[in-house]
Each structure stands twice: as C-alpha cells, then as structure tokens.
Amino acid sequence: FRAFYHFVAVRYWGDIPLLIAPINSAEEAFALQRNPASEVYDAIIEDAEFAISNLPLNYSGNDIGRITQGAARMLLAKVLLTSKDYSGTVQQLNTIISSNQYALLTDYAAIFDPANKNHNESIFEIQFKEGPEGESSNFIYQFAPVGSRGVVFLGPESGPGRNIPTTDMIEAYEPNDLRKDISVAYFDRNPSPLYYINKYNHDTDPDFSRTPNNWPLYRYADVLLMLAEAINEQSYQTGAPFNLLNMVRTRAGLGELTATDLPDQESFRNAIAQERRVELAFENHRWFDLLRTDEAIETITAFGIKEKANPTLTPPDFIAYGPESFAITQEKLLYPIPNNELDLNPNLTQNPGY
C-alpha cells in the first residue's frame, strides 16, 4: 500500500514528500520537503519488490480480496511501463500470465457484476459491501444524469451527473462492440437526452444510496494490453502482440486485427491506445495512459477543439466552455500542490504554472 499510494501521488504531483518511516513528532512532520520523483520511484520499486517476495499467489475464504503477489507485480509493471522500462515490464507481466491465476471472463458484463466479485479476471479490486455498516459504494449515484432517479437507478438521490461520457467517448466504440451497451447507456430525457456511465449500475434499494459494487483496479485484460504495448515498444512484431490484442477484441465481439491492418509500430501503438480506451473505459486509466505515452497535450487539445464545436452538454446542464477550456500546457500535466498543504508546511513548494 505504501508503494501504491506513493505511485498515486507521484503521478499526480511529481516531486512529493517520500514517507518510508513513521513520523514521530510534529517537528518531523513540519520539516518534510518534496523529494525528487526519481527517488520516489526508486522507493516504490523497492517496496513493490518486497511485497512480491512476501505475498501469496492467492487467498481462500474470508481472505479473498486481500492483496496478492499478482497485484504487487501488476503495480510494479505499471511503474516500469510508466518509466519506459519495457523489458522489465514484459518480465513482470509474463510472470503474472505464467502464474495461471488469471483469465479473461467470457462475458464482459460479468466483470462488474457484484454477484461475481474477485473473479478470475480480477487481479485487485477495492472491496465494498452493501448494507448499513458504512462499507458500501455509490458510483452509479455519482455517474447517473441529473433527474434520472427511478429511470436509471432506484434512488434515493437524483443523480448529480458529475461524470458524463463525452460524445467523443461514445464515438470511440466500433460498430458491434459488445462493451458499449455494458459500459454506457442512453437516458432519453426531455429536452436533452444523453449517455451515462452504466458499468456500475447495480443498486437495489430505493431508500438508501448504497451499492455493493467493487471498484476494479487491476484486471487481466489490462495485463494483456500492457504486455502487447511493451513488446511493441521494443520492436514491431506480428506474432505475440497481435495475439494479446486480439484476445481482448475477440471477447468484445470484434474482428481480429492483422499486420495488414497495422503494418508498423506506430499503427500498432495507436491500436493499443484505442483498445485500452474502450476496454478500460471509466476505470481511471485513460489520463495516466496519455501521460506516460506523452500524448496528453496533443490529445486533449484536439479533443477540446472538437468538444467546443459540438458540446456533449450545454447550459443549463453544464457551464459553457470558455477560452481557457482544454488549454492544456506542459505545466498542467501535474496537479497543483493543495493550498492547505502549503499553508501547513512552508518547506513545500508549488508546482510551476500555478
């Protein structure tokens, strides 16, 4: 978990305080400074390797859902892929595959079914439990459109519409992609119908906004696509990377791609990015994929031009876009250090551009 949270933080903020020992006094806490991201990544790798050496391959009984060796390897593989260590990434992912602990489910919808938690495709998912204990999830209530109670979900909330898929995202699905109707659905409201995220739509109680959905962090389809990408980044090949990519596409009901469709490294790279976008949609991978492939500025700029010309949502559903909308620069690839942290500790510095 220490490796995991450092990885979350370093990707959002860059240089961060590196905490690898307990803080025993207020003086120590207020003396913290930001460590270079390179040092943070070194510590993440060391922690992940320690976890791999000390965790079991699987659990049984009430321990199912705890961190496994496969989850630690997946974390390490993501760190190595982010660092562009492609050979190291391939090694870790091949070890996950050869462990024979995981497999693609036949049915894409079953991945997100609360009755099917911690299934064969799941490497790590955050555990939630419906009920009065305060351990439930509420994703669908965040994702559902405003005014959709009783149509999209039972309730009791109205749905704030805080996370609506864009028109560009809807258009990313190929015709006959079985994942589309599982991932998104259409709310035919008057006067402005729209799509909403449907993956986590499993509420059962009209009186309480609490659902049993787990949140998927790492799953086997991600392993296959990461491995295909890492192999291709070393050299264009027509064998294994295509097989890995097509395993995911076949499950989605799509035709296999061949070297005729993707004749070089760049076209295969683009195909992997596209497949990751739709396969892992609304699972919080896309932004970090754009960052590590150095595509964030170009992609968001192009998206902004398209979105401003034909907005997914318009007032009063959404604040109108302004001149600064989608004006992304190199500085904006990192988040600002929160002001309350800067107020608490004068040793911390703000990221450039904020």
Kindly state whether the ring of F143 and the ring of Y196 have centres lying under 6.0 angstrom apart.
no
How about N243 and N246: does a side-chain donor come under 3.5 Å of a side-chain acceptor?
no
Determine, for F208 and R210, whether the Lys NZ or Arg CZ falls below 6.0 Å from the six-membered ring centre while staying within 45 degrees of the axis.
yes
Could you walk me through whether F288 and Y12 satisfy the ring pair (Phe, Tyr, Trp, His ring centres under 6.0 Å) test, starting with their C-alpha distance in whole Å, then the side-chain angles of each, then the deciding distance to 0.1 Å, before giving a yes or no?
CA-CA 9 Å; F288 298 114; Y12 277 125; 5.3 Å; yes
Could you tell me whether D222 and K78 make a salt bridge, using a distance below 4.0 angstrom between a side-chain N and a carboxylate O?
yes
Aromatic F7 / basic R11 pairing, under 6.0 angstrom, 45° off normal:
yes
Any donor-acceptor N/O pair, D261 side chain to T258 backbone, under 3.5 Å
yes
Please work out whether the ring planes of F1 and Y5 are parallel, tilted or perpendicular, with thresholds of 30° and 60°.
parallel
Do the side chains of E283 and R219 get close enough for a salt bridge, i.e. N-O under 4.0 angstrom?
yes
With distance as the sole criterion, is a donor-acceptor pair present between the side chains of S267 and D264 under 3.5 Å?
yes
Report the residues that fulfil salt bridge (charged side-chain N to carboxylate O under 4.0 Å, His left out) with E266, sequence neighbours left out, ordered by chain and then residue number.
R269
Can you tell me how far the CD1 atom of I20 sits from the CG atom of L18, to the nearest 0.5 Å?
5.0 Å
Flag, side chain of E125 to backbone of I123, donor-acceptor distance under 3.5 Å:
no
Side-chain donor/acceptor of R251 to backbone N/O of T106, under 3.5 Å:
no
dist I126:CD1 -> W215:CH2 (nearest 0.5 Å) comes out at 8.5 Å
Donor-acceptor contact present, side-chain R249 to main-chain E256, <3.5 Å:
no
Spacing of CG belonging to L76 relative to CG belonging to D47, to within rounding of 0.5 Å:
11.0 Å
Is it true that a side-chain atom of R179 and a backbone atom of V278 form a donor plus acceptor pair closer than 3.5 Å?
no
Do S137 side-chain atoms and N213 backbone N/O form a donor-acceptor pair below 3.5 Å?
yes
Would you say the side-chain atoms of K308 pair up with the backbone N or O of F326, donor to acceptor, closer than 3.5 Å?
no
Taking atom types as modelled, find out whether Q237 and N232 have a side-chain donor-acceptor pair closer than 3.5 angstrom.
no
Measuring centre to centre across the rings, with the benzene-like ring taken for any Trp, is F268 within less than 6.0 Å of F242?
yes
Please say whether the positively charged group of K332, taken as NZ for Lys or CZ for Arg, lies over the ring of Y354, i.e. under 6.0 angstrom from the six-membered ring centre and within 45 degrees of the axis.
yes
Heavy atoms only: give me the nearest F187-V146 pair and the separation to one decimal.
CE2-O, 4.1 Å
Between the main-chain N or O of A296 and the side-chain N or O of T299, is there a donor-acceptor pair closer than 3.5 Å?
no
The test is salt bridge (charged side-chain N to carboxylate O under 4.0 Å, His left out); show your working for K180 and E174 and say whether it passes.
CA-CA 9 Å; K180 181 179 180 180; E174 296 174 51; over 6 Å; no
What distance separates Y186 OH from D181 CG, expressed to the nearest 0.5 Å?
13.5 Å
dist L154:CG -> D203:CG (nearest 0.5 Å) comes out at 4.5 Å
Where the side chain of N347 meets the backbone of F30, is there a donor-acceptor pair that is under 3.5 Å apart?
yes
Using only heavy-atom distances, determine whether the side chains of E121 and Y102 contain a donor-acceptor pair under 3.5 Å.
no
Please report the shortest heavy-atom distance between S192 and R189, naming the atom on each side.
O-NE, 2.6 Å
Using atom types as modelled and distance alone, determine if a side-chain donor or acceptor of N138 lies under 3.5 Å from a backbone N or O of S209.
no
CA sep, side-chain torsions, deciding dist, call: D294, K84, salt bridge (charged side-chain N to carboxylate O under 4.0 Å, His left out)
CA-CA 11 Å; D294 304 314; K84 295 180 169 50; 3.5 Å; yes
If we count only N and O atoms by modelled type, under 3.5 Å, do the side chains of E295 and T293 hold a donor and an acceptor together?
no
Identify which one of D168, D289, D177 satisfies the salt bridge (charged side-chain N to carboxylate O under 4.0 Å, His left out) criterion when paired with R277.
D168
With a 6.0 Å cut-off (strictly less than), is the heavy-atom count around CG of D207, excluding the residue itself, greater than 12?
yes
Just how far is it from atom CZ of R34 to atom CG of D15, taken to the nearest 0.5 Å?
5.0 Å
